[in-house]
> 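Encoded as structure tokens, here's the structure I'll be asking about.
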Amino acid sequence: MDYNFNEIESKWQRYWRDNHTYRCSNVSDKPHFYVLDMFPYPSGAGLHVGHPLGYIASDIFARYKRLRGFNVLHPMGYDAYGLPAEQYAIQTGQHPAITTEQNIARYREQLDKIGFSFDWEREVRTCDPKYYKWTQWTFIQLFSHYYDTELDKAMPISHLVEKLERGEETTGDKPWSEMTEEERQDYLMGFRLAYLADIPVNWCPGLGTVLANDEVVNGVSVRGGYPVERKLMRQWSLRITAYAQRLVDGLEQVDWTDSLKEIQRNWIGRSEGAAVWFPLDIKANADVLPGAQAYITQGMPQPVPSFEIFTTRPDTIYGVTFMVLCPEHEMIEHITTPEQRAEVQEYVNWAKNRSERERQAEVKKVSGVFTGAFAVNPLTEERIPIWVSDYVLAGYGTGAIMAVPAHDSRDFAFARHFHLPIRQVVALDPHNLTDPETWEESMDAKTGYSVNSGFISGMKVKDAMKAVIDKIEEMGIGHRTVNYRLRDAIFSRQRYWGEPFPVYYKNNRPFVIPEECLPLCLPEIKDFKPTSTGEPPLGHATCWAWDEQNRQVVDNSRIDNVTVFPLELSTMPGFAGSSGYYLRYMDPRNDEAYFSREAAEYWQNVDLYVGGAEHATGHLIYARFWNKFLFDIGLSVKQEPFQKLVNQGMIQGRSNFVFRSKTDNNLFISKNIPGREENTDPVHVDISIVDDDVLNIEKFRAWMPEYANARFELEDGKYICGWEIEKMSKSKYNVHNPDDLVARYGADTLRLYEMFLGPVEQSKPWDTKGIEGVFRFLKKYWKLFENRTDTPAGKAELKILHQTIKKITDDIERFSFNTAVSTFMICVNDLTDLKTVSTDTLEKLSVLLAPFAPHIAEEVYHQLGHDTSVCTAQWPVCDEQMLVEDSFTYPVSFNGKMRFTLDLPVGISQQDAIAAVKADGRSQKWLEDKEPKRIVFVPNKIINIVV
RNA sequence: GCGGAUAUGGCGUAAUUGGUAGCCGCGCUAGACUUAGGAUCUAGUGGCGAAAGCCGUAACGGUUCGAGUCCGUUUAUCCGCACCA
């Protein structure tokens with residue numbers, strides 16, 4: 001009988017479902033293991049062959065761990081909130097919930113065909129109220145906590161209030177006791193981990209929403225590619241910056257690739273340095289001081305208005321020749337001299353109205369303006385001019401810098417452009433200085449010695465840094481500090497299809513609804529566009545007000561701002577739902593809590609997380625932050641959520657193009673015809689109507705109406721298409737669908753082939769050609785099984801089996817699934833050479849193969865007489881005795897060059913081995929009767945003789 | 001510009017971690033079986049050479065008895081960040 005994968009696969013998929021084979025319990029004596037995939041956003045395009053790559057790898061590992069006796073949690077769910085379904089709703093009016101539901105059904109159907117071992121009873125969907133109840137709950141907790149820098153953890157906001165009441169903590173301008181209730185609320189808002197504030201945001205008019213930093217690349221939105229502008233808006237944010245240090249430190253604990261850790265470190269961008277106060281030169285600025293009086297810094301030795309700068313190079317403070325403020329700096333208007341006012345005003349306005357994209361595109365252009373004001377270098381008491389320029393960013397440090405043009409390339413370019421002085425204060429050779437005015441570039445490296453620098457002259461850069469910081473701390477004009485590039489995460493989206501905020505507004509101030517009233521369900525609306533007044537889509541909801549007394553959502557008409565208040569109109573961003581889903585899988589049906597303490601204690605954290613590296617600065621940072629917060633408030637039991645992380649590579653597509661004439665829309669010119677390049681434009685063509693880059697002309701004409709009358713200029717009677725490796729996408733017509741491959745070769749072949757393509761971590765273009773090879777392997781395995789014998793295995797057979805057990809086990813542990821598939825092929829080839837194979841060997845082999853090709857393994861296992869699933873079998877153990885050799889074939893080399901091989905008994909001594917080499921006739925040619933100068937003998941490795 | 005990674009036959013890749021480079025598969029060549037196609041099977045397949053042999057892991061150099069593997073310099077490709085003071 002032939003290998004009938006269709007029958008086998010549908011039979012066992014049904015069996016696994018009916019028998020709940022992959023159901024996983026939270027109660028078990030077995031050791032636990034948690035294997036997680038990044039849950040997908042169910043897009044309308046369905047799965048292509050790239051999506052299952054990571055799922056197959058994690059499925060193999062999960063199945064392997066089960067066979068090794070672990071209780072394995074291997075769940076799957078859907079990241080169901082997202083922009084595409086909502087954009088589709090705007091275009092068609094179809095409710096995103098319906099679109100999402102349909103897409104999920106399609107995903108599930110496709111996933112089921114591949115034979116994954118997910119415990120579907122634990123499925124979660126981020127758009128399910130039973131799930132997002134806990135997303136909202138976490139938001140309430142974030143709102144009700146602040147970061148206590150002394151305890152270095154999140155604490156209830158009431159803890160801060162108590163400290164303020166006891167006077168252990170001071171508020172600055174106005175004491176807590178004198179504040180009104182509203183002033184107190186506003187003050188506390190500056191500490192809450194989820195807070196509302198006017199902040200510059202990435203506003204995307206094309207999508208009608210704000211976006212987080214990781215959702216914007218090169219000034220345009222990741223989704224849709226619309227331009228993004230800077231805008232000041234009142235928005236919810238998460239104070240992720242409070243966790244910056246812990247997010248850096250935590251990277252030491254986890255088993256991730258160095259490159260991914262490095263990406264996160266860069267994103268967090270920790271830099272050590274100093275904060276220094278530069279006082280204004282009061283004499284020079286006499287006429288501009290009045291408004292600046294408000295900037296007298298607390299704790300300064302003299303009550304002089306000053307501004308704070310941040311520097312990583314305190315050692316260069318003697319080289320400061322000017323200061324620069326960012327255009328948004330609030331002190332500009334108070335210090336600018338009347339003569340400079342018009343010019344400064346104009347510059348600030350120009351900078352403000354520049355789009356983010358323009359600013360980034362013109363980074364190399366130097367611009368700026370002098371304020372007319374001067375500051376005093378606190379160490380040299382020198383008078384230094386204050387400038388404004390947009391190369392200083394408002395969002396980093398204090399938005400003000402001390403410029404050291406000799407040792408900072410940006411300051412250097414600025415100084416050159418405006419003819420400001422450049423003073424060298426660091427030199428590799430202190431006795432051999434050159435005139436900085438002749439330099440072509442600044443000397444930025446943190447090496448060498450300080451020069452022209454008062455008390456630090458002659459010190460090494462590193463020592464000088466420390467000395468300067470010590471000095472400014474002693475003088476009370478600054479201190480040692482750490483700055484992070486990481487920004488707080490903007491948490492509001494002016495969108496419909498997301499989690500509603502459990503927030504209502506009383507006197508314009510936000511209040512959270514009581515936890516017991518969750519979930520606050522997303523209201524129905526008919527129009528998914530922003531309202532005519534520019535409010536988010538939830539502005540269309542008619543029943544979206546909070547009755548404080550009766551604790552329920554009521555009709556908008558009842559809003560009186562006494563007992564009934566308006567609810568928040570923004571919704572949460574995509575990362576809200578995905579930041580804690582891995583925890584919910586541990587206890588997904590719990591209605592009393594996010595997840596029980598027992599479940600968390602049992603599963604701890606994710607042992608193996610598989611997914612794409614594109615989430616490095618998004619999901620993988622947010623989830624770590626989320627988890628650390630839940631750890632602080634006693635829910636999560638581990639600081640780091642994902643112990644080991646494997647990034648699967650991206651499967652790219654190979655697109656085909658036809659070349660359409662620029663002058664004649666119906667004419668297509670074959671690739672290699674001279675002049676084709678100048679006279680045509682490439683147009684994507686569906687890869688299914690191209691074979692080996694040769695276009696099927698009939699199918700092309702039938703493909704789309706606009707091509708019905710296409711004419712062609714052929715070469716050798718064929719139309720040759722162009723090709724390119726691109727991202728696999730529906731719009732590029734280069735998608736390979738897993739369903740087609742499953743129908744043609746079966747799921748087991750698809751699984752094996754995806755693994756066989758190469759290391760899981762590597763990106764590569766999809767190429768279906770080689771799939772026949774693994775299909776052939778399964779057919780050979782099946783044939784082997786049909787020709788089995790009941791006689792016990794011989795020595796040769798046992799050796800092959802145990803070699804395979806050893807190698808496969810090792811390959812899986814190393815996550816090297818491509819070599820594992822090769823190992824299987826070698827094994828089956830070797831066994832085929834033996835003519836017959838024992839049932840015992842086949843049974844063990846079926847267990848080894850079960851993680852990779854579960855359907856055929858299950859069929860073989862059952863036909864060999866088992867009535868339980870191969871998933872519950874025991875992983876075979878390698879009997880090392882079987883692999884012991886009595887002789888080893890030594891490569892014998894002379895002067896490092898291999899000359900011949902020699903079979904010698906295992907365990908032979910060096911003396912005997914050398915004697916054997918000398919006795920061998922072939923060695924005479926190389927020895928030439930000379931005594932060897934040196935002999936290298938590595939048992940079971942090599943014999944090398946140096947003559 | 002800064003940071004990270006990668007580089008091996010016509011192609012995807014492998015190499016017990018410093019010990020016979022090219023396993024396994026695709027493709028290709030020849031043959032067997034078939035009316036034919038498909039499927040299957042056998043043999044061959046890094047380059048040069050009739051052969052012995054020589055050369056060969058992006059390039060150059062180094063360490064070593066021995067380097068794809070370790071070190072240095074360079075080149076190319078991919079990814080991340082990008083006025084972050």
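Here is the naming used below: chain letters follow the sequence lines, and residue numbers restart at 1 for every chain. On a predicted model such as this, the values are computed, not experimentally measured, just so you know.
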> Name the closest nucleotide to the A/Lys897 side chain, picking from B/C55, B/C41, B/A85.
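Comparing B/C55, B/C41, B/A85 against the side chain of A/Lys897, the answer is B/C55.
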> Give A/Arg899 one of three labels, base, sugar-phosphate or nothing, depending on what nucleic acid heavy atoms sit under 4.0 Å from its own.
sugar-phosphate
> Using a strict cut-off of less than 4.0 Å between a Lys/Arg side-chain nitrogen and an Asp/Glu carboxylate oxygen, indicate whether A/Glu885 and A/Lys799 qualify as a salt bridge.
yes
> Using the P atom as the reference point in each nucleotide, state the distance between B/U57 and B/G47 in Å, no decimals.
15 Å
> Between B/U45 and B/C11, how far is it from one C1' atom to the other, in whole Å?
14 Å
> At under 4.0 Å between heavy atoms, which parts of nucleotides 68-83 of chain B does protein reach? Answer with one letter per nucleotide, 5' to 3': B base, S sugar-phosphate only, - none.
------------SSSB
> How is A/Pro759 classified with respect to the nucleic acid when contacts are heavy atoms under 4.0 Å: base, sugar-phosphate, or nothing?
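A/Pro759: backbone/sugar contact only, no base atoms under 4.0 Å.
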> Give A/Met825 one of three labels, base, sugar-phosphate or nothing, depending on what nucleic acid heavy atoms sit under 4.0 Å from its own.
sugar-phosphate
> With RNA chain B as reference, determine whether A/Arg934 or A/Ser763 sits nearer its 5' end, using the nearest nucleotide of each.
A/Ser763
> Would you indicate which nucleotide in B/G19, B/A85, B/C65 comes nearest to any side-chain atom of A/Lys941?
B/G19
> Would you indicate what A/Glu772 reaches in the nucleic acid, counting non-hydrogen atoms under 4.0 angstrom: base, sugar-phosphate, or nothing?
nothing
> Using whole Å, report how far CE of A/Met898 lies from P of B/G22.
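Rounding to the nearest Å, CE of A/Met898 and P of B/G22 are 10 Å apart.
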> List the atom of A/Phe756, the atom of A/Ser822, and the distance in Å for their closest heavy-atom pair.
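That would be CE1-OG, 3.6 Å.
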> Distance check, C1' atoms only: B/U20 and B/G56, in whole angstrom units.
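Those two atoms are separated by 15 Å.
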> Picking from A/Tyr745, A/Tyr753, A/Trp782, A/Tyr781, what satisfies ring-ring contact (aromatic ring centres under 6.0 Å, His included) with A/Phe775?
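The single option meeting the ring-ring contact (aromatic ring centres under 6.0 Å, His included) with A/Phe775 is A/Tyr745.
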> Which of these nucleotides, B/G25, B/C65, B/C26, is closest to any side-chain atom of A/Val936?
B/C65
> Which range-with-range stems can be found for RNA chain B when each stem has 3 or more Watson-Crick or G-U pairs in a row and both distances sit under 3.5 Å?
B:1-7 with B:75-81, B:10-12 with B:24-26, B:27-32 with B:40-45, B:46-48 with B:53-55, B:58-62 with B:70-74
> C1' atom, B/U8 versus B/C2: distance in rounded Å?
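That atom pair is separated by 30 Å.
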> Is it true that A/Lys352 and A/Glu328 make a salt bridge, defined as a side-chain N closer than 4.0 Å to a carboxylate O?
no
> Which one, B/G4, B/G12, B/G19, comes nearest to the side chain of A/Val938?
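Side chain of A/Val938 sits closest to B/G19.
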> Please tell me which of A/Asn829 and A/Ser271 maps to the more 5' nucleotide of RNA chain B, matching each residue to the nucleotide holding its nearest heavy atom.
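Looking at the nearest nucleotide for each, A/Asn829 comes out on the 5' side.
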> Under 3.5 Å, is there a donor-acceptor pair between the side chain of A/Arg480 and the main chain of A/Ala275?
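Flag not set: sc A/Arg480 to bb A/Ala275 has no pair under 3.5 Å.
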> Which label fits B/U57, syn or anti, where anti is any glycosidic angle not within 90° of 0?
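You should classify B/U57 as anti.
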> If the C1' atom of B/A52 is compared with that of B/A7, how far apart are they to the nearest Å?
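Between the two C1' atoms, the distance is 34 Å.
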> Does B/G12 have its OP1 or OP2 closer than 4.0 Å to a side-chain nitrogen or oxygen of A/Lys769?
no
> Just by modelled atom types, is the A/Lys918 backbone N or O under 3.5 Å from a matching donor or acceptor in the A/Gln924 side chain?
yes
> If the threshold is 4.0 Å, N to carboxylate O, is there a salt bridge linking A/Arg814 and A/Asp811?
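Here A/Arg814 pairs with A/Asp811 in a salt bridge, since their nearest N and O are under 4.0 Å apart.
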> Test A/Arg654 against every option in A/Thr768, A/Asp767, A/Asp693 by the side chain to side chain donor-acceptor pair (under 3.5 Å) rule and name the one that passes.
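Only one of A/Thr768, A/Asp767, A/Asp693 forms a side chain to side chain donor-acceptor pair (under 3.5 Å) with A/Arg654, namely A/Asp693.
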> Between A/Asn787 and A/Val837, is there a donor-acceptor pair closer than 3.5 Å when you use the side chain of the first and the backbone of the second?
no
> With sequence neighbours left out, write down each residue that passes side chain to side chain donor-acceptor pair (under 3.5 Å) with A/Asp214, or none if nothing qualifies.
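A/Asp214 satisfies side chain to side chain donor-acceptor pair (under 3.5 Å) with A/Tyr622 only.
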